[in-house]
Amino acid sequence: MYDQEKIKPYDGEGEKGKLIAEMFDKIAPTYDTLNHRLSWDIDKGWRRKAIRQLLPFRPEQMLDIATGTGDFAILAARELKPRQLVGADISEGMMAIGRRKVKAAGLDGVISFQREDCLSLSFPEGTFDAVTAAFGIRNFQNLDKGLSEICRVLKKGGHLSIVELTTPVSFPMKQLFHIYSHTILVNYARLISKDRSAYEYLTKTIEAFPQGERMMGIFRKAGFSRSSFHRLTFGICTMYLAEK
């Protein structure tokens, strides 16, 4: 078990997946505002870089895991022009916002949403050319099982592109990020979302989540043949690419 799998939102009583769904349903109305403001909109650039990793492969069938309010799915549809893209999430509250955004963007003919347990996906083996995930895999109740499921639903030679928040590894960014995440982030989140505990949970999972070189071994264990990573913005975020 990885350290972040032991961390649960709120009082920690009950099955983690259900608690995660409850948390994201609760913070859904303010999630986009907080994401962009807390990163000074840098997160938009991170997403774009992660999507553009897939440009050479021209995926037609795509899955966006932990799609949330659909920002990553919408960007992928615009940048990569897939024939079909499914946004999957455990939170209906987040996806309800995503559906409205997709309709407003005129992409409802390309992007669809469905509720999925990322540890037990309903799709047949070898369904997708590419899978994406933005800031979501660290919430998996079982990281190995979740990544194995992603590998299963990918076609042979298919790709997984992930962008995930991480902790910087070098001085002074490591120390500055710790101060920021434990003071400004949680206090501003409490002001906007009225749910300080949810963002305290998210901060703890960032610090506990395996990253960089360690993730390369985790991808291999899940069944991927090769993988790579690039740290972005002094290591505040890390971008991964894995091939089945």
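Every value quoted in this text rests on a predicted model; they were computed, and no experiment measured them.
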Find the distance between [atom1] ([X]) and [atom2] ([Y]) and round it off to the nearest 0.5 Å.
X: D64; Y: D89; atom1: CG; atom2: CG; value: 9.0 Å
X: M215; Y: E164; atom1: CE; atom2: CD; value: 8.0 Å
X: F140; Y: L119; atom1: CZ; atom2: CG; value: 7.0 Å
X: E149; Y: N142; atom1: CD; atom2: CG; value: 10.5 Å
X: I51; Y: L54; atom1: CD1; atom2: CG; value: 6.0 Å

Looking only at the aromatic ring of each residue, does the gap between the centers of Y2 and F209 stay below 6.0 angstrom?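 No.
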
Do the side chains of [Y] and [X] get nearer than 4.5 Å, heavy atoms only?
X: R48; Y: E79; result: yes
X: L143; Y: M1; result: no
X: F135; Y: W46; result: yes
X: L202; Y: R138; result: yes
X: I137; Y: I162; result: yes
X: I90; Y: C118; result: no
X: T132; Y: M62; result: yes
X: P210; Y: Q4; result: yes

Quickly, which of Q61, H159, K155 forms a side chain to side chain donor-acceptor pair (under 3.5 Å) with D129? Name it, please.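 With D129 as partner, Q61, H159, K155 yield a single side chain to side chain donor-acceptor pair (under 3.5 Å), made by K155.
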
Apply the side-chain contact (heavy atoms from CB on, under 4.5 Å) test between V102 and each candidate in L85, V110, L107; give the one that qualifies.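 Per the side-chain contact (heavy atoms from CB on, under 4.5 Å) rule, the option paired with V102 is L107, out of L85, V110, L107.
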
Go through the side-chain N and O atoms of D25 and S91 and say whether any donor and acceptor fall under 3.5 Å apart.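 Side chains of D25 and S91: pair found under 3.5 Å.
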
Hey, are E207 and T167 close enough side-chain-wise for a donor-acceptor pair under 3.5 Å?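 Not at all, the side chains of T167 and E207 share no donor-acceptor pair under 3.5 Å.
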
For residues 217-229, please give each side-chain donor-acceptor pair under 3.5 Å, one per line with the distance, not counting sequence neighbours.
residue, atom, partner, partner atom, Å
K221, NZ, D144, OD2, 3.0
S225, OG, E243, O, 3.1

Among residues two or more places apart or on two chains, list those pairs meeting salt bridge (charged side-chain N to carboxylate O under 4.0 Å, His left out) that have a residue in residues 91-106.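 Residue pairs passing salt bridge (charged side-chain N to carboxylate O under 4.0 Å, His left out), neighbours aside: D32-K101, D71-K101, E92-R99.
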
Tell me, with the steps shown, if F128 and E60 meet side-chain contact (heavy atoms from CB on, under 4.5 Å). CA-CA 8 Å; F128 300 101; E60 292 191 356; over 6 Å; no

Step by step, work out the side-chain contact (heavy atoms from CB on, under 4.5 Å) result for L232 and T238. CA-CA 6 Å; L232 307 174; T238 302; over 6 Å; no

